[in-house]
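Working notes, structure below.
The sequence lines fix the lettering, A, B, ..., with proteins before strands; numbering per chain opens at 1.
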Amino acid sequence: MKQTKYTLGIDVGGSYIKAVLMKYGESPALISKRVEKIRKRNPSQVSDDIINALLKQEGLSIDDLAYLASTGEGEMVKRKTGHFYSMTTHAKGAIFLVPEGKTVVDLGALYVRAIKINNEGRVLNYKMTGQCASGSGQFIENISRYLGLAIEEVGDISLSATTPELPSGICAVLAETDVINMVSRGITTPDIIKGIHLSVANRSVRLLSSLKPESPAVLTGGMALNKGMVQAMVETIADSKIDIEVIAPEDAIYAGAIGAALWGGYRYEKLQKEASAVIA
Amino acid sequence: MAQEVTKEKSMLLQKKMIGGLFDELAHVKESGKKVVYTFVPGNLSELIRAFDMLPVYPEINALQSGMKKRSGGFIKEAEKLGHSEDVCTYVKCDVGMFLNGNKGPADTQIPPPDLLLLSYTGCFTFMKWFETLDRIYPGVEVAMLHTPYQEDGKITPEMRAYMVKQLKEEVIPKMEKVSGKKFDEAKLKENLQHSADAEDYLVQIFESAKHKPSPIDGYFAGVYYIGPVNIGFRGTPEATEYYKQLLIEIKERIRLGKGPVTPEGEMKKERFRLVVEGPPNWTNFREFWKMFYDLGVVIVASSYTKVGGVFDLGFRHNPEKPLESLSDYCMTVYTNHNLPQRIDLLSKYIKEYQADGFLVNSIKSCNSFSAGQLMMMRTLEERLEVPVGFIESDLVDPRYFSFSNIKNRLDSFFQMLEQRKIILNQKTPVA
Amino acid sequence: MSKYYLGVDLGSTTSKAVIINEKDEIIGKGITNTRANYKVAADIARQEAVYDTRFTLLNQNLRVESGLPENIEDLLVSLDDAFHFLEFDIRLQKLYNEFLKVGKSAFDNKLSKLILAELPGLIDQIRPQIKEAYLHGGLARKSQFFRDVVNEQYTQAVDSLETEYFEKFMLVFDKSITPVENEMIEFDFKQLATDALNMLLEAGDYPELTAGSKLYQKVAKQIQIIADEKIDITNMVGTGYGRALLPFPESCIKSEILCHAFGAHAVFPNTRTVLDIGGQDTKAIQVDGYGLVTSFHMNDRCAAGCGRYLGYIADELNISLNELGPLAMEAEKQVNICSTCTVFAGAELRELLNVGEKRSDILAGLHRSIVMRAMSLIARSGGVHNEFTFTGGVARNQAVLKYVSAMIHESYGEDITINVHTDSIFMGALGGAMFARRNIDVDLPEKQKRSRAKAV
Amino acid sequence: MSDKTKNIDQILSFCKEAAFDLQFTEAAKCKAAEENRVLIGYMPIYFPRELVHAMNGLAVGIMGSGDRKQIVKGDAYYQSYICHMPRGLIEMALDGHFDEMDGFLFPSICDVIRNLSGMFQILGKGKFAKYLDYPQDFNRETGGVFYRNELKIIIDHITKINGVKLDKDRLNESIKLQNLNRRMLNEIYDIRQQFPWRLSAVELYHLQRAGIVIPVEQHNNMLHDVLDYIREDVGTPMDKIKVVVSGSFCEQPPIGLIRSIEQAGCYIVDDDFLIGSRWIEGQIDDQSDDPLTALANAYVDMSTFSSSVYDVNNHKGIRLAALAKKRKADGIIFAAPSFCDPALLDRPILQKDCEERDIRYISIKFSENTGQFKVIKEQVGAFSDSIKLWDEPVTV
Ligand SMILES: Nc1ncnc2c1ncn2[C@@H]1O[C@H](COP(=O)(O)OP(=O)(O)O)[C@@H](O)[C@H]1O
Ligand SMILES: Nc1ncnc2c1ncn2[C@@H]1O[C@H](COP(=O)(O)OP(=O)(O)O)[C@@H](O)[C@H]1O
Ligand code: SF4
Ligand code: SF4
Ligand code: SF4
């Protein structure tokens, strides 16, 4: 039996697919990672491509994987060994990235999840958005698209706001008309963008606040890469008089995939043990 | 303009009464008076006063927190505790206020209760609310008074007997226990007489809106008028005095042919008369009122001003039959009327007050009022062929008050009334 | 001199203008998408309506002339198409200039070079296609706006490039379109119309139309005459979502609920219920025999159930709005859509496609769900009792119409008459214009004060 | 397949049909079988069916239209921020689903149902539409007397329709049948607590819900057979946690939700979905000279806990915790209908009680016509994961 075990975690999201290759063992390590925007393509095809690309990059083949774990909408990934629920994987991923994390806020394209965890990454309590996408990353994507901004640049632009203007409604789709209205009233782009960020942050912090969160909170998911969003979270948290520190790790967007890879490793070992028990 | 908004004598009287009550509440430690928490619809003010206790109305605190723009923060606090976004915002506002040190709307301390008097007339949420308070104040005595609903549109002897029995065996003994005083029937009778007097005046005050132009606004101003009877002054001579004074002022306005006084000044021309169903919004009360004022809309009658008693249908407190009359009072408040009765009442208002239209302000978080309003509206529209309008807001959750949304609907509604008037006038043959 | 009345409906997604004459006949209409500059949107709609009026007059004048070929009507339609293409072309040129600017400034040197090198080719690729669509595909009458027309072709063209540049090129578009859209261009009607005529001449679709032919001369002469005609607006009324921002006096602003109802009622006098599905709200309105509103209901601020919902779905599928309905009509079944939210429905659509559901079947489900929402509002406003009229942009969508008809009949009886005007989207503007003509005295407080002041 | 299994399959598929039969075919059959028989529809949650049984009638539980009916007209009666169930009820009423019913009862549970009683009155549905005001005073002499009078009013309504007078022995007999019904249902719950795989939660739901729309005798026979079947070791256990579901006492969760919970790694070992059929905790006196008073006293003395009942002297959070303990549950899932004031207002209270007792819980919201269970599955899955992946594996 090989000494190092490779596990691969793939997180199929609403708009991005994230995958990581990890070495699993005493102290698991992240080997390589990849993210790809789905952009109207077939997600299961994109997933396959990403998996292949990751393996190729490290000179591995699918048989070298001890476990291929999916999460998110990853039930469609054909070659997976097993699937884990997003909440479970984000919690595990967050604690891998920030070992002292006590709370996780996953800011994704469609959903926001606020999760309270213990030091093993166990989900103690959570809150999650449901039927309305008003506080989601897609909202920010739509608006930045409308304003002619790339998603990578909105963060910095948002940081330069002086008097942010909140959209009057909450709808992620109709906010476009609000934005049109704001532009026609001469509100600057940074102020509009910041307003949108604050509105998203408001919804997220509302989830968070009912959790009685503990510090520090780890931000995961794609929006954690957005500095403007992180700043908006920090401000909103302060406004709500919640006393917690916010950490946005560099690999935040991979948290789900990392968690999946780790759980995959765990299950693999458990299955091995059970199998050897049967043999014995 | 400024000189027109000068406080009338009655306003000052009211201010003094209410200020006095909050002041007394803040100083119960010194005075040793006992405090009863209870609700407006079907409240037992006269009985509480007969035991020389002080009432606290959590709803009133909530609505005033709304007017003072504090409710938004309170509600968020309560939601942190796990309260749902979907439920009655009064409850959440109250819980939030408690969490914030129970400082009342006038920034005075609201003392904790010695007795929770749960009469849940007309709304189940009251019951849940008191269960919540029961957990907040463990060990505090709770008295439950179940008011049967007028499901068949009437009060039966069995309903009355049930209530009297509860008063005798549950409510009064607990009040005696908490206050340390024996029940004094003579005192109660005296209080009931004061109530009956005040109620006579109150009816005349609201009915003054039958005049054209109406000297009062029976909704926005109406909520101030019902203040004293609804927050614990029913059964006191001060209340009677206040209403007497108010009526004098209103009669003077009628004599001068003047319209209602509003915070924006005196209403100049009465262009439309409306009957409104549903509570107002408190967080944006002035803005809300102004939308009507700006377009010359007077609300001549409303159901909300009857939550503390529908006295214009004839009920009066009666010293001759003290406990029966307290029971009947509870059973006759607006929210204890069944739907057909509510429709009849509104229909009577629309006709008797000669309204041009009927408007529903539907409160998102209040099932007690809202469930059924659409049917009431439809039925009235069909029965009376009156134009109807529908807007949505909330009592104290500012998140549910969308200015532009309400404005758009009201604008359309008023323009619709306007055009109706013009075109229908054109069509009426010249006499 | 003739009197004209203008109604402008500044909607959340589209801005419409209608010009009527004294007989309440629509003689000109213009439409454009609402954009960040409301004034520009309203002005463009109005400008288009005025051009359209000129074309109507042109048509009227030519019709009385003798010796013109039978297919003169067709020719005028083609002329109109060519005219719109020329307008488009001027704008496209401006967009191209903007592309170059953005291409230079928004990227690092290497990338910038690459992008600048590709851009001319891209434009050359899309322009002839669009020209063809205008001249022979009736694009001008499909109410697609500059933004959509270019976007559709551009995206396709970009898609054929290397995938890694896709986002970059899209960004170039997103950054450039807004300034171009917000520019008000004054076209020279005479020039453009004459150019259009020459374009037809060149194209040779009409054999009778040759250089120096009688036909050519007559049309050319009328163009001169009509172009010089003054189109005076006697009165106007503005309505719609953005009405408050219109540069109109307050007495000329009216609620779109009243305007839609009035317009619908004027066209179909037996209408008692009006359903208007616009870009960001849906309204169910009850009217009486005079066209006056007796009650109405509108939806909350949620895109689910409005035109934007369909717009979002169309974007998601990368097809244009007017293809949506026909596609849904091809469905063999309706796939049930569980999500209410527009964004989630978009995601669900992707998933359903992924599990192999047919596009048309999913679309059928999506269309049905928007109609279900409208049905709730209709019910809340009081149901349907007599004739029913469907207005607003979404009424142009055949699939929505199909479901609306089916459900109205199912719930309120087979004998309900259902009306849809080909110009359903203009109903609000038409109602506005009609109010303007009737000059109904809106006794607004402003005015009152003024008259009282005079009396004193 | 053994005969027994076949029989059980038949019973369950019959129940599945009957439970969601919006035409109430079984009830109509029952009515047609005898002259003078009346059908009385009652809304959630509890109503003493034995009373109607004794008056030669069938009390038919009406639990909403679920996801089986497209709501159009119902929306004309309710704003979007009111729970879903009453609009389904109105839609059904307007579409003639209730035409066979002679009267309607609206047990007091919340303001929405209360106002619905008035709407039925205005619409003129049935020969009577009565709001049944349950006492919130739990003294026999006060609340009990009042409640007995409420029941008396119902009897008078029925007598007026079919001429049947209340007969002591007959009512005692009816009480006996309903006692048996409750006893058997409780036994099923007891067996499932230990061996939840023997009958799935969805199957139990169908079985239980069918029971409120068919005669008690018929249902008792089925329960008897099912019990007989699950007393034996059938089915295969799976690695799942055990949960109690609380909060869905009125508007019913869609079957998909119950299924999703079980699929996402939980066995539901107790619930309040159809709590009305187990409302009285214990046996009602069926030998009494005044069985009407016995019924009333049973309500006052032996009611279970619920959000619609005043609880200051008998906190429901403590009772819920005790239930979870008795069922050896790993946690509680609070599943309430959106906009349901009684259930949602109770949540913070109940959750606090759980926290104080270290009972793990999650909360979700649904509506009877929810079709999308993705989010719910994820939450329930995370809940079961969080217990399964860390705690000692559940020994089966
Ligand atoms: N490079 C980036 N910079 C800023 N924001 C980003 C970036 N990449 C993704 N995002 C944001 O993250 C969201 C996607 O987050 P993700 O966690 O992938 O969601 P999901 O798992 O639901 O697909 C997008 O909607 C976008 O708002
Ligand atoms: N040609 C078309 N085919 C189908 N749908 C259309 C078409 N044109 C417009 N629409 C729909 O109409 C909506 C705009 O309707 P409109 O009544 O103009 O709304 P508003 O007044 O709010 O701008 C768009 O969102 C779109 O869904
Ligand atoms: S408001 Fe907007 S984001 Fe929210 S559910 Fe509706 S469409 Fe979706
Ligand atoms: S639900 Fe309505 S009536 Fe009941 S307490 Fe709340 S606001 Fe008052
Ligand atoms: S679901 Fe809740 S709110 Fe709705 S009727 Fe039932 S108890 Fe009342």
Side-chain angles (χ1 to χ4, degrees), chain A residues 11-14 69 71-76 82-92 95 104 106 108 110-133 136 207 210-212 256 259-260 262-267 269-271 273-274 277, chain D residues 80-81 84 239-241 254 257 260-261 263-266 330-339 344 347-348 351-352 354-356 358-367 369-396:
Chain A
D11 177 6
V12 182
T71 185
E73 307 290 321
E75 266 149 328
M76 86 238 319
H83 180 80
F84 300 90
Y85 291 101
S86 297
M87 211 111 55
T88 323
T89 54
H90 272 273
K92 193 81 177 169
I95 205 104
V104 181
D106 169 30
L110 293 180
Y111 300 105
V112 174
R113 308 175 172 90
I115 314 166
K116 219 163 121 171
I117 56 175
N118 70 3
N119 54 6
E120 297 173 293
R122 172 180 182 166
V123 177
L124 298 179
N125 200 357
Y126 68 84
K127 283 271 150 44
M128 174 175 179
T129 53
Q131 289 132 13
C132 174
S136 69
L207 292 181
S210 55
L211 269 188
K212 297 183 203 116
L262 292 174
W263 279 124
Y266 174 86
R267 287 298 291 175
E269 291 197 330
K270 202 167 164 196
L271 290 176
K273 244 182 250 157
E274 275 165 24
Chain D
S80 52
Y81 34 83
H84 194 273
D239 176 16
K240 294 185 187 182
I241 64 164
L257 177 85
S260 297
I261 292 179
Q263 278 173 357
C266 301
D330 299 292
I332 295 178
I333 296 181
F334 291 101
S338 297
F339 305 106
L344 294 170
R347 260 193 191 171
Q351 294 179 347
K352 191 152 172 279
C354 285
E355 278 160 25
E356 281 164 8
D358 273 333
I359 297 175
R360 300 174 55 83
Y361 63 83
I362 56 166
S363 342
I364 52 182
K365 278 199 290 193
F366 64 84
S367 92
N369 65 341
T370 306
Q372 176 71 277
F373 302 107
K374 217 157 69 202
V375 176
I376 287 176
K377 239 177 158 170
E378 177 177 335
Q379 304 186 38
V380 174
F383 185 55
S384 82
D385 277 357
S386 82
I387 291 174
K388 254 190 329 204
L389 288 172
W390 278 273
D391 293 354
E392 287 301 294
V394 188
T395 41
V396 285

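In this structure Thr129(A) satisfies the side chain to side chain donor-acceptor pair (under 3.5 Å) test with no other residue, sequence neighbours excluded. With sequence neighbours excluded, no residue satisfies ring-ring contact (aromatic ring centres under 6.0 Å, His included) with Tyr85(A).
Interface remark: Ile115(A) contributes no atoms to any contact with chain D (heavy atom separation under 4.5 Å).
Within the model, atoms CG of Asp385(D) and NZ of Lys92(A) stand 11.5 Å from one another, a figure rounded to the nearest 0.5 Å. Rounding to the nearest 0.5 Å places CE of Met128(A) at 6.0 Å from CD of Gln379(D). A distance of 9.5 Å separates CG in Asn125(A) from OG in Ser386(D), rounded to the nearest 0.5 Å.
The shortest non-hydrogen separation linking Ala382(D) to Thr88(A) is CA-OG1, 3.9 Å.
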Determine, stepwise, if the pair Leu124(A) / Arg360(D) fulfils side chain to side chain contact (heavy atoms under 4.5 Å, CB included). CA-CA 8 Å; Leu124(A) 298 179; Arg360(D) 300 174 55 83; 4.2 Å; yes

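Most heavy-atom pairs under 4.5 Å with chain D, from the set Arg113(A), Gln131(A), Arg267(A): that is Arg113(A). Annotation: maximal heavy-atom pairing with chain A below 4.5 Å, among Lys374(D), Lys365(D), Gln372(D), occurs at Lys374(D).
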